[in-house]
Structure formats: structure tokens, C-alpha cells
Amino acid sequence: KDKGDKTVDPGLVVIMVDKDGKETVLPKTAVGADGVTVAIDGNCDLKVVDNAKKMSDVSASDWFAEGVVPFATARGIVNGVELADGTRVFDGYGKTSRGMFVAMLHNLELNPKAATEDSLADVPADAFYAGAAAWAVENGLLSGVDMPDGSKQFQGEADVTREQVAVFLMRYADHLSMDVSERAEIDFPDASEVSGFAKDAMSWAVAEGLFTGDDVTGELNPTDGAARGGRHRPHALHQPDVRVRAAGKAAQPDRQDRLGQADMLIGRQTIDRHTGPVPPQVPASLLARFPSARFDQEGLAAGRGAHRLI
């Protein structure tokens, strides 16, 4: 960094070291102007390292090169697309599949194993997203696409659409015990194109400021696919300027231990079609998307946790 530049490198991540020396990358490490922050329950040894991975297909001119790639790869949220020769590329201009998106949510949770192997019938056992799909089904994040014969399929190789992203994210927020009660009118020129299954989730996403529409047309584009590195996709999971809040409401005591898990849930820059950068807004775990959120500094000093908002 240039002298005087205090911005923290997005590739910095906190690593937890257990008593046996085993290291675990904490993907919900937040970065901000003053350092990195992560919510920890209990005592452990920590170290901060630059864990960013180089991606051969990413050049300095790519808009996602400086912030998105190091942030996502350092945390294991995005591990790259494997090519036939075994190498991996970021494929920032490629499409995001439903399997990829669910896998990213699974990566954020450190890839927990589902209690059972039950999943949707069309999920191959050897698919890279098989474990993520089983976890998502078990936890209510994934219900499947209705088929004419009444069955449901995951369709993991199909492109994930913006309205599907809204559904996944609302369910994920609910899974983290975040408040998902906010609703707003879907007041966009193409509002009628929002599918029935997605209207409630899209209303929530609009109310939370996650979707703001195309900068030029003002359209929501609910059925558009999402590019892996595009600003109109849910790669807010990997943005250094991710902005998340607990719906602007004070955390309930029984929810505080889980609210910190949402700090990489979603960021506005990657869902709507902003053409300009959004200033970094992540000085600590579960920072609000809106600047009105403040940390309970007294509570932090008293040990109530870095993720408590007031």
C-alpha cells in the first residue's frame, strides 16, 4: 500500500489455531479501514495472514481483480472453476450456477455435513455441490424446482437468477436468525416479471436495499442470470465492502451469538448493477448495510461480542 493508505488488504483473513496446531480459516472475517474483525465464541489462538490466491485468468484491468478475488479466495468462499488440466480459474465473466451459489453459502458455514444424505433426486453423488445441496435441503435453504410430474429438482447446473438469489438469501438470513420481516413495494418497470415464488423474497431484498435496479433502465431484471464476477450477482459473499445488518433492529439476546455469522451474507454492490465502487463499509462483524448502524462499544468492552448492534 502507498504511504498513508490505511485500507486493509481484502486478502487478510483470521485463522483459528487449535491446541493441536490445526488451522481453520474463518471465512466471515470482516475487513475495514481499521483492521479485521471476526466473531469468536470461546478462547482460541488466532493469527492474521494474507491468504489470497492468484487466479491466472484475472488481469489488473478486471474490475473484480483488486477487491473481489483476494477477498473471496482468501476465505475459501470461491475456490475457482476447475479446468480439464486440473488448474483453476476465477471465470469472473462466466455465469453462476445454482450449484455454485449454494456451494458458496455452504463455504461460508465451513461446509458442515448434513445429518443425512437425503437430497434432491437430480443431484449426482459426485457433484461438487452435492454436500452443499444436502445441507441446504436439511436447513430449509433449498426446496427445489417444481417439475410437471410433481417432483422437485435442484437443477444445480442451471444459471441462478436474480430472483432465485433473493429467495436463497432470505432463507439464509432466516437460518442465521436474522430479522426478515421487512417488506417493500417492488416498484420497478419490470416488476410484473418477478415470479410468484420469488415475490415475497424480492420484496424483502428490495426493502433491505439488496436490489436497487439497473442504473440505466431502472429495471430489476429478476430472471437474468448472474456472472461469477458481475456486480449484479450475489457475490457479496466475497466483497470487502459487504454491508449487512440485522434488519436495523436491536439483536435479541438469544440471537446475538448467531448474528455475527451473517457478516458475509450479502452486499449491495454485487446484486444491483452499480457501475461505480461502493466505499468499504465493514469495520467489524455484522456491520450494517446502512451507515446509521452503530456498535455497542460499552457492550463490546464488557465482552458481549463484536457483532452486537444498537
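Numbering starts at 1 and runs along the sequence shown.
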Is the closest side-chain heavy-atom distance between [X] and [Y] below 4.5 Å?
X    : Y    : result
L141 : V102 : no
W135 : S119 : no
F168 : V160 : yes
H106 : P112 : yes
I40  : V14  : no
R98  : V145 : yes
M178 : Y172 : no
W204 : R183 : yes

Assess the residue pair K47 and E23 against the criterion (side chain to side chain contact (heavy atoms under 4.5 Å, CB included)); give the C-alpha distance rounded to whole Å, side-chain angles, the decisive distance to 0.1 Å, and a yes or no. CA-CA 9 Å; K47 65 179 183 179; E23 298 184 350; 2.5 Å; yes
Please answer whether the main-chain N or O of [Y] pairs with a side-chain N or O of [X] as donor and acceptor at a distance below 3.5 Å.
X    : Y    : result
S195 : A198 : no
D214 : T217 : yes
T73  : V69  : yes
S203 : A184 : yes
D149 : S151 : yes
E138 : A115 : yes
D20  : K22  : no
D122 : F154 : yes
D179 : S181 : yes

Closest heavy-atom pair and its distance - [X], [Y]:
X    : Y    : value
D57  : G92  : OD2-N, 4.4 Å
E163 : T223 : OE2-CG2, 4.0 Å
A173 : V180 : CB-CG1, 3.7 Å
V78  : M104 : CG2-SD, 3.7 Å
V25  : L110 : O-CD2, 3.4 Å
A205 : A166 : CB-CB, 4.2 Å

Show your reasoning for whether side chain to side chain contact (heavy atoms under 4.5 Å, CB included) applies to M16 and D45. CA-CA 6 Å; M16 180 172 63; D45 291 329; over 6 Å; no
Please check if [X] and [Y] belong to a single hydrophobic cluster, counting links between Ile, Leu, Val, Met, Phe, Trp and Tyr side chain heavy atoms closer than 4.5 Å.
X    : Y    : answer
Y93  : V58  : yes
V31  : I15  : no
I77  : V68  : yes
F90  : F128 : yes
V167 : L176 : no

Please check if the distance between the ring centroids of F188 and F211 is under 6.0 Å.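 No, ring centres 6.0 Å or more apart.
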Side chain to side chain contact (heavy atoms under 4.5 Å, CB included) between F64 and F71, worked out: CA-CA 10 Å; F64 44 78; F71 191 94; over 6 Å; no
When you check the side-chain N and O atoms of N51 and K53, is any donor under 3.5 Å from an acceptor?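 Note: N51 and K53 side chains meet the donor-acceptor criterion.
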More than 12 heavy atoms of other residues, nucleotides or ligands under 6.0 Å from CG of D85: is that the case?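 Check passes, neighbour count above 12.
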Do other residues, nucleotides or ligands put more than 12 heavy atoms under 6.0 Å from K152 NZ?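 Enclosed: over 12 neighbouring heavy atoms sit under 6.0 Å from NZ of K152.
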Gap between atom OG1 of T161 and atom CG of D224 - 0.5 Å precision: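 Between D224 CG and T161 OG1, I get 9.0 Å after rounding to 0.5 Å.
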Within this structure, what is the CE-CG distance for the pair M100 and N79, rounded to the nearest 0.5 Å?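 So the CE of M100 and the CG of N79 are separated by 11.5 Å.
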Could you go through V13 and V36, starting from their C-alpha distance and side-chain angles, then the distance that decides it, and tell me whether this counts as side chain to side chain contact (heavy atoms under 4.5 Å, CB included)? CA-CA 7 Å; V13 66; V36 296; over 6 Å; no
